[in-house]
Amino acid sequence: MKWRIFGTCLWVGAALTASPMAWAAPAAVCIPAELIPAKATTIPVNIPAFAYDALSTTSNDVTVLDGTTGTMAAATLGPVAGGWNKVVPSQPLIAGHSYEIDFNPYCSYGATPGGGKIKFTAAPEAPLPTLVGTITGTPTFTVKDYGTSEIAIHASYTLADEIKPWLAIYELALTIDGEILETKISPTGAVDAQGWCDAVTAKAGNTHQVMLVARLPFATTVESAPTQLEFSCPAPNIGTPAQEMLTPSPAATGGATDNPAAPSGAGTSKGCAFAPSSAPAFGSLGLALGVVTFLRRRLRRSDS
């Protein structure tokens with residue numbers, strides 16, 4: 001009866017190998033293209049350009065609809081800077097008119113498929129900012145050690161008048177030693193920012209420079225005067241993995257074990273070799289084991 005058991009092992013191995021679920025590759029990550037500024041409801045007519053981060057674009061990928069007049073115009077795609085394609089409407093924006101810019105997000109599936117549109121009202125011309133603001137008082141901060149240290153900073157700024165029409169258009173962020181932190185800023189200038197200590201902050205020692213920075217593609221970056229803070233922000237403490245974690249297991253390499261503590265027959269099942277590194281889907285494995293159990297019961301009954 002051994003040949004029947006061996007045949008079952010081959011059948012199970014073939015079932016596991018042929019399972020489409022076991023070998024199905026995950027779908028490629030879909031990240032939609034973005035056009036910014038995306039969330040501004042009013043934009044001054046003299047915005048230098050819109051920024052589009054699609055890798056490859058044509059003149060058909062972006063169109064501009066003047067919702068007030070109902071006219072459609074194309075957009076001129078200019079040179080790439082900082083990973084952004086320069087997008088300029090072929091017709092100048094008109095203050096008071098509503099606009100809709102339609103763009104190709106190149107992604108219609110995934111967790112966050114792109115919307116492909118931004119809507120706004122054109123505001124009167126405003127000078128591009130050269131100042132962002134001045135700090136008020138001394139920032140407060142906390143550093144929490146999770147193995148990697150998290151830094152959280154709260155600060156208050158008196159925002160310059162010239163930045164106010166551009167608050168929803170420029171990206172404002174607090175930086176520490178030149179590293180950008182995740183930042184929330186209110187129209188009144190209250191800033192909450194957090195990030196992680198790294199090699200840059202560790203190199204700075206206990207003296208750190210904090211600045212408020214305003215950025216917009218195709219426009220000059222504006223920075224506040226630096227503020228000095230004293231605290232320790234060490235780099236992550238990453239240890240060396242244990243030696244047993246660095247040595248591949250015999251099952252992963254298909255070889256026998258030299259570890260006397262390993263159970264006999266490790267990596268095999270009754271002479272039927274499996275490849276643990278190519279783990280099958282649990283559904284296929286359960287089906288295969290169920291078939292083996294069923295056939296073994298039939299063998300016991302025939303022997304009895």
Side-chain angles (χ1 to χ4, degrees), residues 31-108 112-134 157-173 180 183-189 211-224:
I31 302 176
E34 184 181 10
L35 184 75
I36 63 170
K39 298 181 180 179
T41 57
T42 59
I43 298 177
V45 296
N46 59 314
I47 182 173
F50 295 86
Y52 184 35
D53 68 349
L55 298 178
S56 178
T57 62
T58 70
S59 58
N60 296 324
D61 288 330
V62 183
T63 57
V64 182
L65 172 66
D66 184 331
T68 302
T69 63
T71 57
M72 182 78 72
T76 302
L77 300 180
V80 177
W84 296 97
N85 294 281
K86 188 175 185 178
V87 176
V88 179
S90 56
Q91 300 295 326
L93 300 178
I94 301 173
H97 284 211
S98 61
Y99 288 90
E100 181 178 291
I101 300 182
D102 196 353
F103 63 95
N104 188 350
Y106 289 100
C107 179
S108 58
T112 55
K117 289 183 181 179
I118 65 171
K119 298 179 180 181
F120 62 94
T121 299
E125 181 175 344
L128 291 176
T130 58
L131 299 172
V132 61
T134 55
Y157 283 82
T158 300
L159 298 175
D161 289 339
E162 58 192 77
I163 194 68
K164 292 179 181 178
W166 301 94
L167 276 179
I169 300 164
Y170 276 68
E171 177 193 19
L172 272 70
I180 296 175
T183 304
K184 294 181 180 179
I185 183 167
S186 73
T188 61
M211 292 193 302
L212 184 63
V213 177
R215 304 182 305 170
L216 178 69
F218 310 106
T220 302
T221 297
V222 185
E223 299 176 345
S224 71

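Just so it is clear, the values below take in all heavy atoms, side chains as well, and ignore hydrogens, waters and symmetry mates.
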Side chain to side chain contact (heavy atoms under 4.5 Å, CB included), that's the test. Do L172 and T183 meet it? Break it down for me.
CA-CA 7 Å; L172 272 70; T183 304; 6.0 Å; no
Atom of F218, atom of P48 and distance for their closest heavy-atom approach:
O-CB, 3.6 Å
For P44 and I169, work out which heavy atoms get closest and say how close.
CD-CD1, 3.3 Å
Kindly state each residue pair satisfying side chain to side chain donor-acceptor pair (under 3.5 Å) with at least one member in residues 62-73, sequence neighbours excluded.
D66-T69, D66-H97, T69-T71
Ring pair (Phe, Tyr, Trp, His ring centres under 6.0 Å) against F50, all qualifying residues, sequence neighbours excluded:
F120
When every non-hydrogen atom of L167 is compared with those of P187, the smallest separation belongs to CD1-CA, 4.2 Å
Pairs where residues 32-55 contributes a residue and the test salt bridge (Lys or Arg N to Asp or Glu O under 4.0 Å) is met, not counting sequence neighbours
none
Sequence neighbours left out, cut at 3.5 Å: what donor-acceptor pairs do the side chains of residues 74-94 make with other protein atoms?
from : atom 1 : to  : atom 2 : distance (Å)
N85  : ND2    : Y52 : O      : 3.0
N85  : ND2    : A54 : O      : 2.7
S90  : OG     : A74 : O      : 2.8

Can you tell me how far apart CG (D61) and CG (D102) are? Round to the nearest 0.5 Å.
10.5 Å
Taken in chain and number order and not counting sequence neighbours, the residues that satisfy side chain to side chain contact (heavy atoms under 4.5 Å, CB included) with P127 are none
Looking at A122 and Y99, what are the two nearest heavy atoms and their distance?
CB-CE1, 3.8 Å
Partner set under side chain to side chain donor-acceptor pair (under 3.5 Å) for E223, not counting sequence neighbours
none
Side chain to side chain contact (heavy atoms under 4.5 Å, CB included) partners for T188, two or more places apart
S186, A190
With sequence neighbours left out, what residues match L65 under side chain to side chain contact (heavy atoms under 4.5 Å, CB included)?
M72, E100
All salt bridge (charged side-chain N to carboxylate O under 4.0 Å, His left out) counterparts of K184, not counting sequence neighbours
none
When rounded to the nearest 0.5 Å, the distance separating NZ of K119 from CD1 of I43 is 14.0 Å
Side chain to side chain contact (heavy atoms under 4.5 Å, CB included) filter on E162, not counting sequence neighbours, yields P129, T130, L131, A160
Which atoms form the tightest heavy-atom contact between A123 and T42, and what is the distance?
CB-CB, 4.5 Å
Grab the two heavy atoms, one from V132 and one from A214, that are nearest each other, plus how far apart they are.
CG2-CB, 4.1 Å
Assess the residue pair I101 and V62 against the criterion (side chain to side chain contact (heavy atoms under 4.5 Å, CB included)); give the C-alpha distance rounded to whole Å, side-chain angles, the decisive distance to 0.1 Å, and a yes or no.
CA-CA 7 Å; I101 300 182; V62 183; 3.7 Å; yes
What pairs with K164 under side chain to side chain donor-acceptor pair (under 3.5 Å), at least two apart in sequence or on another chain?
D161
